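I have placed the structure first, in the form of structure tokens, so that the comments after it can refer back to it.
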Amino acid sequence: MRFGRIAAFLAVGLAVAGSTPASAHPGSASPLAGAQPGSASSLAGAHPRSDDGSLRAAARGTGVRVGTAVDMAALAADDPYRAAVAREFDTVTPENVMKWEVVEPQPGVYDWTAADQLVAFARENHQLVRGHTLVWHSQNPSWLTEANYTPAQLRALLRKHILDEVGHFKGKVWAWDVANEVFNEDGTPRDTIWLRALGPNYIADAFRWAHQADPKALLFLNDYNNEGVNAKSDAYFALVKQLRAAGVPVHGYGMQGHLAIQYGLPDTVLTNVQRFDKLGLRTAFTEVDVRMLLPADAAKVQAQTEGFNLLLRACLLVRHCVSYTVWGFTDKYSWVPGVFDGQGSATPMDENLQPKPAYEGLRETFLLAG
Ligand code: XIL
């Protein structure tokens, strides 16, 4: 359904190299080319659905699952937060609790408590889980250093970590962010403990081990600043082709989608998503938030709404984009103010869980595509 009648509308403002968006999906009618988001409800009325007003209901039938990162402390302590996670989303991603430093605080000592709680919550609410993340340079346990281990030992530790973690969640995690942030902005491999100790093949190894532990899970690469066409996404495109030629089980390309309106919005997202889509690879927006320099004003709120929508529209316009996940849905628990000085208001709901225009925009775009 999603790339039929409204493709031209969804493509408004999305640059597509070498072709118009409409011709990228032949046969797409364009009666809504001039439509504004406000017309969503009349369109939805023509195609009745049970709509409780949630993002989840709006996404139904589009082929794109809508998700959020979950803060486990908030899930335990904050009832309205918990209710909103259950009501609004099809998928959940643990914001921190599947990271290596959390699941293996001491060598060989696992703590799956919080991650298991999220998996149970997802099951109760008929949600899928995106696992995050298996090999990364950040949030590793303090004992995991090159001073403590030889390269051969580090390789054995990474193998065991992946087999044990993916094995623990076998059949319970829909998609894994296997390798996170492995390239620099210029497309060179990021200098990490893994690259230094194991060389560039650690990425292929990580995917093979994850697949061995859960052959049904979808296995993703994941990074930021890789949404548009640039040196970093070019490096991923080359890597994917190389991995697949070598028979490595890589299934998806994840774009985090941490945007900041003061830097402008990426303008080649659809072109980029399309090239991965044409390889038959699944794509996903995995950590979307759109931050701004505080205080917010009407123009910034408008730019933010466009930022959230731009990524969703690109996702809806290709065949194999499987999910769109926000990195927290309320400013109450967003990571942004703690990390980016003077910035915030990056999520679709405010600190009181009241929807912002970005939320309404996402809902209307989903409804148009359904
Ligand atoms: C962030 C979390 O949101 C914070 O709570 C934590 O302190 C640091 O990590 N890219 C990723 C995520 O892949 O795991 C990061 O999450 C945000 C950037």
Side-chain angles (χ1 to χ4, degrees), residues 67-78 81 85 89 91-105 111 114-115 117-118 129-142 144 161-162 165 169 173-185 190 192-194 203 206-207 210 218-227 232-233 235-236 252-260 263 266 283-292 307-308 311 323-341 343-349 351:
T68 185
V70 176
D71 175 328
M72 290 309 291
L75 196 75
D78 182 335
Y81 176 89
V85 176
F89 301 101
T91 80
V92 288
T93 306
E95 185 169 356
N96 287 299
V97 301
M98 286 189 188
K99 292 171 181 174
W100 198 335
E101 69 175 4
V102 176
V103 300
E104 196 180 4
D111 182 357
Q117 283 165 1
L118 182 63
V129 178
R130 294 197 85 262
H132 176 80
T133 179
L134 298 172
V135 59
W136 194 21
H137 62 275
S138 185
Q139 292 183 276
N140 287 322
S142 54
L144 186 67
H161 166 67
I162 292 176
E165 176 147 13
F169 295 109
V173 165
W174 170 54
W176 275 104
D177 291 331
V178 174
N180 201 30
E181 303 176 351
V182 299
F183 286 116
N184 296 312
E185 312 311 302
R190 188 192 280 266
T192 69
I193 181 173
W194 307 115
I203 299 171
F207 278 87
L218 296 177
L219 305 182
F220 277 72
L221 294 155
N222 194 49
D223 213 323
Y224 59 90
N225 286 349
N226 65 341
E227 297 82 15
K232 200 186 236 186
S233 61
Y236 276 103
Y253 176 64
M255 295 154 283
Q256 295 180 4
H258 294 294
L259 304 185
Y263 304 135
T283 51
F285 289 94
T286 56
E287 306 185 11
V288 183
D289 53 18
V290 185
R291 61 188 190 269
M292 61 185 70
F308 274 102
L311 302 183
S323 66
Y324 179 98
T325 298
V326 293
W327 205 242
F329 60 92
T330 163
D331 293 340
K332 193 171 180 183
Y333 302 109
S334 169
W335 72 307
V336 167
V339 174
F340 302 95
D341 246 10
Q343 300 177 49
S345 194
T347 76
M349 290 187 184
E351 294 186 357

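Whatever order the structure lists them in is the order used to number ligands and atoms, beginning at 1. Keep in mind that what you see is a predicted model, and the values were worked out from it rather than measured.
A donor-acceptor contact shorter than 3.5 Å is absent between the side chain of D223 and the backbone of N226.
Shortest contact from atom 8 (C) of ligand 1 to any protein heavy atom: Q139 OE1, 3.4 Å. Considering only non-hydrogen protein atoms, atom 10 (N) of ligand 1 sits nearest to E287 OE1, 3.0 Å. Atom 6 (C) of ligand 1 has N96 OD1, 3.4 Å as its closest protein atom, hydrogens excluded (heavy atom only).
Using a 4.0 angstrom heavy-atom cutoff, Y224 does not count as in contact with ligand 1.
Note: no N/O pair closer than 3.5 Å links W335 and ligand 1 by distance alone. For N222, no nitrogen or oxygen atom sits less than 3.5 Å from a nitrogen or oxygen atom of ligand 1, counting backbone and side chain alike.
Using modelled atom types and a 3.5 Å distance limit, the side chains of T347 and D331 yield a donor-acceptor pair.
For the atom pair OG1 (T325) and CG (D177), the distance works out to 9.0 Å, reported to the nearest 0.5 Å.
Contacts between T133 and ligand 1 below 4.0 angstrom, taking non-hydrogen atoms only, are absent altogether.
With respect to H132, the ring-ring contact (aromatic ring centres under 6.0 Å, His included) criterion is satisfied by exactly one of W100, W327, F169: W327.
For the side chain to side chain contact (heavy atoms under 4.5 Å, CB included) test, residues two or more places apart in sequence or in another chain that qualify with A235 are F183.
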Margin query: Apply side chain to side chain contact (heavy atoms under 4.5 Å, CB included) to residues W176 and M98 and explain how you reach the verdict.
Written below: CA-CA 10 Å; W176 275 104; M98 286 189 188; 3.7 Å; yes

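Of all the atoms in ligand 1, the ones that sit under 4.0 Å from a non-hydrogen atom of E95 are 2 (C), 3 (O), 4 (C), 5 (O). Distances below 4.0 Å separate heavy atoms of N180 from the following atoms of ligand 1: 11 (C), 13 (O).
The nearest pair of heavy atoms linking P348 to V326 is CG-CG1, 4.2 Å.
The heavy atom nearest to atom 15 (C) of ligand 1, out of those in H258, M98, Q256, K99, is found in K99.
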